[in-house]
Amino acid sequence: DRKGVYFALVGAAAGVAYLTAYSAYGFFNYINEFNALALLAMVAVVTGVFAVNAKSLSVAILSMTGAYLAPAFAIENNTTFSIFAVYGYYILISSLCLIMVTLRGWRGLIHLSFVFTLAGALFFGWTSQFQIPKYYSVMQPILLILAAIHLAMPILEHRNHDSRWLSRFDNGYFVALPLVCAILTWTISSSNQQVALGLFFLAILWGLCGLILKKLERSDAIKYALVAVLLITTSILFQFKDVPWYLIAMAGCVGILAIAPRINFSHSSQELICGILFFTGFLHVANSLLSVNTEIAFNNSVFMERMIACILFSVGAVIARKRSIGFWQALAASSAGWFLLSVAREIFKLNIDHLPQFIHVFL
């Protein structure tokens with residue numbers, strides 16, 4: 001009868017405990033940063049145990065949010081020791097989320113943990129001080145551990161859900177996790193060889209997940225194997241210079257879209273792939289417009305890359321139209337517009353006399 005009051009008191013108690021641990025470090029300097037993180041971790045573990053026993057998702061989310069936010073205020077240095085302290089703390093809290101997700105199937109904790117650890121490293125300024133090549137030898141193993149934990153979460157939580165929105169969140173998470181891990185690997189690396197090595201280890205993680213799911217006879221095993229292939233291919237390409245990454249990404253999207261029915265990709269997953277194709281195509285167009293092309297008109301590599309992009313846009317539009325995916329119109333318009341603009345830029349390079357008059361007469 002008093003369950004609301006029961007949970008409210010627990011939430012207040014956890015909040016007071018978090019603030020006490022922070023105040024002992026931040027306001028009064030009674031303890032150092034390592035002890036502060038140890039106290040914060042203790043509060044998170046105790047509150048997490050309560051949430052699991054009481055079957056309270058709200059308490060779990062509030063406690064984990066406080067646990068993830070705490071280092072943002074408790075850590076002021078960016079030394080190697082601080083990196084071990086902060087990310088060791090995050091590994092512990094993410095492991096706690098993994099346990100709660102496994103026991104109770106609380107999918108919200110999966111996305112919460114991802115946002116505050118891996119995705120948060122891209123968006124929160126207080127973690128960006130660690131994501132630099134100077135700390136590569138420390139950050140790369142930590143990144144692999146966090147990637148393994150967040151790979152395990154949806155696999156261990158596996159339950160049948162009928163919600164369309166939950167399915168979309170899962171698809172977004174499936175795409176975002178390897179993408180964010182790859183970007184973080186690139187940001188902490190000082191050379192292409194380090195990037196290639198990091199991507200190779202990530203490919204091993206996704207490949208192992210694919211094998212495990214294959215043993216469990218799960219239908220999504222092929223998706224993890226496909227990500228592993230993409231990661232290992234990207235790792236190989238990083239050994240070369242001047243690689244047209246956006247075109248390769250577009251070609252990868254078109255290839256996945258073409259075989260999607262054979263690997264049991266849902267309609268929403270195919271919509272997501274079309275969206276990624278459109279986005280990577282936009283990045284290619286923006287990058288191509290910024291490049292200076294002084295070579296012979298029509299007979300140059302930049303124009304050829306633009307034509308390849310037009311073809312990829314067109315193939316994606318055709319496939320999407322056949323499968324009633326709304327993105328086909330945007331892809332088709334992008335193909336036609338980029339083709340006309342690319343040809344026009346080459347024509348203007350010819351410096352034809354009276355070209356404006358010819359265009360006027362034609363119109």
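Numbers here are sequence positions counted from 1.
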Step-by-step ring-ring contact (aromatic ring centres under 6.0 Å, His included) determination, Phe313 to Phe339: CA-CA 10 Å; Phe313 270 133; Phe339 175 80; over 10 Å; no
Working note: Arg323 + Leu257, criterion side chain to side chain contact (heavy atoms under 4.5 Å, CB included); need CA distance, chi angles, decisive distance, verdict. CA-CA 10 Å; Arg323 298 175 189 171; Leu257 196 61; 4.2 Å; yes
Could you go step by step and tell me if Ile188 and Tyr135 meet the side chain to side chain contact (heavy atoms under 4.5 Å, CB included) rule? CA-CA 7 Å; Ile188 64 177; Tyr135 302 118; over 6 Å; no
Apply the test side chain to side chain contact (heavy atoms under 4.5 Å, CB included) to residues Ile110 and Cys97: give CA-CA distance (whole Å), side-chain angles for both, the deciding distance (0.1 Å), then the verdict. CA-CA 7 Å; Ile110 299 177; Cys97 284; over 6 Å; no
Run the side chain to side chain contact (heavy atoms under 4.5 Å, CB included) check on Cys209 and Ile155 step by step: do they pass? CA-CA 8 Å; Cys209 285; Ile155 294 175; 3.8 Å; yes
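Under the 4.5 Å side-chain contact rule for hydrophobic residues, Val59 and Met42 do not share a cluster. In the hydrophobic clustering of ILVMFWY residues, with side-chain heavy atoms under 4.5 Å counting as a link, Ile91 and Leu177 come out together. Met307 is not connected to Val318 by any chain of hydrophobic side-chain contacts under 4.5 Å among Ile, Leu, Val, Met, Phe, Trp and Tyr, and they are in different clusters. Connection of Ile311 to Ile256 is established within a shared hydrophobic cluster, with ILVMFWY side chains joined at heavy-atom distances below 4.5 Å, either directly or through further cluster members. Criterion: ILVMFWY side-chain heavy atoms under 4.5 Å apart, direct or through other members. Under it, Phe201 and Leu237 are part of a common hydrophobic cluster.
Between Cys181 and Trp206 the shortest side-chain heavy-atom distance falls below 4.5 Å. With a 4.5 Å cut-off on side-chain heavy atoms, Ser113 and Tyr68 count as touching. No side-chain heavy atom of Leu39 sits under 4.5 Å from any side-chain heavy atom of Asn35. You'll find the side chain of Leu289 reaches within 4.5 Å of the side chain of Arg345, heavy atoms only. Using a 4.5 Å cut-off on side-chain heavy atoms (C-beta onward), Asn300 and Glu346 make contact. Here the side chains of Pro178 and Leu202 are not in contact, with every heavy-atom distance at 4.5 Å or above. Between Leu92 and Leu96 the shortest side-chain heavy-atom distance does not fall below 4.5 Å. At a threshold of 4.5 Å between non-hydrogen side-chain atoms, the residues Glu157 and Arg104 do not count as touching.
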Can you give the donor-acceptor pairs under 3.5 Å from side chains of residues 3-18 to other protein atoms, not counting sequence neighbours?
residue, atom, partner, partner atom, Å
Tyr18, OH, Ser63, O, 2.7

Less than 3.5 Å apart, which donor and acceptor atoms pair up between the side chains of residues 274-285 and the rest of the protein, not counting sequence neighbours?
residue, atom, partner, partner atom, Å
Thr280, OG1, Ile276, O, 2.9
Thr280, OG1, Leu277, O, 3.0
His284, NE2, Trp338, NE1, 3.4

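The shortest heavy-atom contact between Ala44 and Met64 is O-CE, 3.7 Å. In terms of heavy-atom proximity, Ala317 sits nearest to Trp328 at O-CB, 3.4 Å. Heavy atoms only, all atoms of each residue included: Leu205 and Leu151 are closest at CB-CD1, 3.9 Å. When every heavy atom of Thr185 is checked against every heavy atom of Gly198, the shortest pair comes out as CG2-CA, 3.7 Å. In terms of heavy-atom proximity, Pro154 sits nearest to Tyr224 at CG-OH, 4.2 Å.
Atom CZ of Arg321 sits in a sparse spot, with 12 or fewer heavy atoms from other residues, nucleotides or ligands closer than 6.0 Å. Shown here is Phe50, whose CZ atom has more than 12 heavy atoms of other residues, nucleotides or ligands within 6.0 Å.
Once rounded to the nearest 0.5 Å, the distance linking SG of Cys253 with CD1 of Ile273 reads 7.0 Å. From Ile222, atom CD1 reaches atom CD1 of Ile259 across 7.0 Å, with rounding to the nearest 0.5 Å. Rounding to the nearest 0.5 Å gives a distance of 12.5 Å between OG of Ser334 and CG of Leu312. Note that the CG atom of Leu144 and the CD atom of Gln140 stand 5.0 Å from one another [nearest 0.5 Å]. The CG atom of Leu272 lies 11.0 Å from the CD atom of Gln270; values are rounded to the nearest 0.5 Å. If you take CE on Met250 and CD on Glu305, they are separated by 11.5 Å, rounding to the nearest 0.5 Å.
At a cut-off of 3.5 Å, with distance as the only test, a side-chain donor of Gln194 or Ser190 sits close to an acceptor on the other residue.
Ser235 contributes no side-chain N or O that, together with a main-chain N or O of Leu231, makes up a donor-acceptor pair within less than 3.5 Å. Of the possible polar contacts, none joining the His150 side chain to the Ser94 backbone as a donor-acceptor pair under 3.5 Å is found. Judged by distance alone, the side chain of Thr187 and the main-chain N or O of Leu184 form a donor-acceptor pair under 3.5 Å. Panel note: side chain Ser314, backbone Cys310; a donor-acceptor pair is recorded below 3.5 Å.
Side-chain rings of Tyr30 and Tyr25 stay apart, their centers remaining 6.0 Å or farther from each other.
The aromatic rings of Tyr87 and Tyr90 sit perpendicular to each other, their planes meeting at more than 60°, with 30° as the lower class boundary.
Remark: of the listed residues Trp245, Trp186, Phe200, Trp245 is the sole one forming a ring-ring contact (aromatic ring centres under 6.0 Å, His included) with Phe238.
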